[in-house]
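Quick caveat, the model's predicted, so the values are computed rather than measured. Throughout, numbering of the chain's residues begins at 1 and tracks the sequence.
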Amino acid sequence: MQPSALDSDSDSEEKGPKFLEKRALNIKENKAMLAKLMAELKNVPGIFTDRRSLSTTSPRPKRAPRSSFPQSALRRNPDRISRPHTRSRSLIDGPPTPLQEEEEDDRYSLVRRRKMSDEYLEQEIRTPRRSRPGAMALPHVVRPVEEITEEELDNICETARDKVYNQVMGSTCHQCRQKTIDTKTNCRNPDCVGVRGQFCGPCLRNRYGEDVRTALLDPNWRCPPCRGICNCSFCRQRDGRCATGVLVYLAKYHGYDNVHAYLNSLKRELEMED
């Protein structure tokens, strides 16, 4: 059955310009109703307290990047002094870094004393340091030359590679702080303290140009700390100087066979310039 001409004309009229006008009118009415509703909601107190405004959205400000602090500011206790740089630490960490107040090109930094306050210097002059044995210090025993045996002389270590480490049976060297079973020196000064007068063969030769065998057979031999020439890290720190680290190679490069002679040459040059 074919549709009548009247039905077809009515469908075309609904889908024509009248339909578009009706649709536009509906959209206009919906927008007006929504705007009126939003205006009424804004007048209600407290409805947008914890919510963002629906009409305007402001972008959230970005967080400022965290500023990078220097390494010194990150330390938990910046007033704490650093660990003494001994020979064993130098083999791991390398030679010690110069202090901030010292210039990097200062060749006399090893023999130049650190800056101390006047109050500390006056107190040091009034109360000179005395060698008093601590609570854990071993009693110092002066061994006469007659007690030194040939077996002990044969047990003197010549190089660091020959050392045998033993925490139980070994004896500690004052310079390198290593506990080994080789024969060490014996200070003949009765006022020496603990194991301060014990030096192994490599340390005594490379640091002071002396021989352990000669020191053991000398009844008047005194250790470097008792003579005031010790250049270990602890003694130099007490004297207000920085640790030297493994300095024997630099000393040999400049033509000296031990560290003590090289430091003395630097001290003489510094005194001549001053």
Side-chain angles (χ1 to χ4, degrees), residues 80-116 120-121 124 129 131 157-163 165 171-180 182 184-185 187 192-212 215 221-274:
R80 180 178 63 86
I81 59 175
S82 60
R83 179 185 299 179
H85 213 97
T86 58
R87 179 176 179 269
S88 58
R89 297 301 309 174
S90 300
L91 295 176
I92 300 174
D93 301 335
T97 56
L99 298 176
Q100 294 182 357
E101 62 266 15
E102 295 177 355
E103 299 180 0
E104 295 182 357
D105 56 349
D106 185 9
R107 57 178 302 187
Y108 303 114
S109 61
L110 293 172
V111 295
R112 196 187 302 275
R113 290 178 65 95
R114 295 176 182 174
K115 295 180 180 179
M116 300 181 181
Y120 179 81
L121 292 176
E124 189 179 30
R129 188 176 69 251
S131 59
C157 188
E158 298 296 334
T159 61
R161 291 188 297 270
D162 299 334
K163 289 186 176 183
Y165 298 89
S171 57
T172 305
C173 172
H174 175 81
Q175 187 78 37
C176 64
R177 316 292 174 182
Q178 301 297 327
K179 210 168 188 179
T180 56
D182 55 284
K184 312 294 192 304
T185 58
C187 183
C192 193
V193 179
V195 297
R196 190 176 67 179
Q198 292 183 170
F199 285 79
C200 65
C203 287
L204 191 66
R205 182 180 61 256
N206 294 331
R207 286 282 177 168
Y208 308 97
E210 301 180 12
D211 182 66
V212 174
W221 185 83
R222 298 195 172 202
C223 64
C226 290
R227 285 180 279 169
I229 62 171
C230 184
N231 53 47
C232 77
S233 59
F234 292 145
C235 292
R236 285 181 61 85
Q237 186 177 14
R238 293 194 197 100
D239 197 28
R241 293 184 170 87
C242 62
T244 61
V246 186
L247 198 62
V248 61
Y249 304 109
L250 184 61
K252 291 183 177 180
Y253 174 79
H254 288 284
Y256 300 92
D257 61 347
N258 63 86
V259 175
H260 177 64
Y262 175 61
L263 293 177
N264 281 342
S265 67
L266 292 178
K267 189 180 298 184
R268 287 192 296 268
E269 292 180 9
L270 179 61
E271 292 175 354
M272 292 177 62
E273 287 191 1
D274 294 343

Can you give me the closest heavy-atom contact between [X] and [Y], atom names plus distance?
X: Q175; Y: C232; result: NE2-CA, 3.4 Å
X: Y256; Y: S265; result: OH-CB, 3.2 Å
X: C187; Y: C226; result: SG-SG, 3.9 Å
X: R207; Y: T244; result: NH1-OG1, 2.8 Å
X: A160; Y: P202; result: N-CG, 3.8 Å

Heavy-atom check, side chain of [X] versus side chain of [Y], under 4.5 Å:
X: D182; Y: C200; result: yes
X: L204; Y: T185; result: yes
X: L247; Y: L110; result: yes

Roughly how far, to the nearest 0.5 Å, is [atom2] of [Y] from [atom1] of [X]?
X: C203; Y: Q178; atom1: SG; atom2: CD; result: 8.5 Å
X: L270; Y: L263; atom1: CG; atom2: CG; result: 12.0 Å
X: Y249; Y: N206; atom1: OH; atom2: CG; result: 7.5 Å

* Asked: Between R236 (side chain) and C242 (backbone), is there a donor-acceptor pair under 3.5 Å?
  ->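 Yes.
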* Asked: Between D239 (side chain) and R241 (backbone), is there a donor-acceptor pair under 3.5 Å?
  ->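 No, the answer is negative, given that no donor and acceptor are paired below the 3.5 Å cut-off.
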* **Audit row: R205, V212, side chain to side chain contact (heavy atoms under 4.5 Å, CB included) steps and yes/no** => CA-CA 8 Å; R205 182 180 61 256; V212 174; over 6 Å; no
* Would C173 and K184 satisfy side chain to side chain contact (heavy atoms under 4.5 Å, CB included), going step by step from the backbone distance to the final call? -> CA-CA 7 Å; C173 172; K184 312 294 192 304; 4.1 Å; yes
* **Stepwise side chain to side chain contact (heavy atoms under 4.5 Å, CB included) test for C235 and H174** => CA-CA 10 Å; C235 292; H174 175 81; 3.6 Å; yes
* To do: Kindly assign one of parallel, tilted or perpendicular to the pair Y208 and F199, based on the angle between their ring planes and the thresholds 30° and 60°.
  =>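 Plane angle over 60°, so perpendicular.
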* To do: Report the C-alpha distance between T180 and K163 in whole Å, list the side-chain angles of each, state the deciding distance to 0.1 Å, and finish with yes or no for side-chain hydrogen bond (donor to acceptor under 3.5 Å, both in side chains).
  => CA-CA 6 Å; T180 56; K163 289 186 176 183; 5.4 Å; no
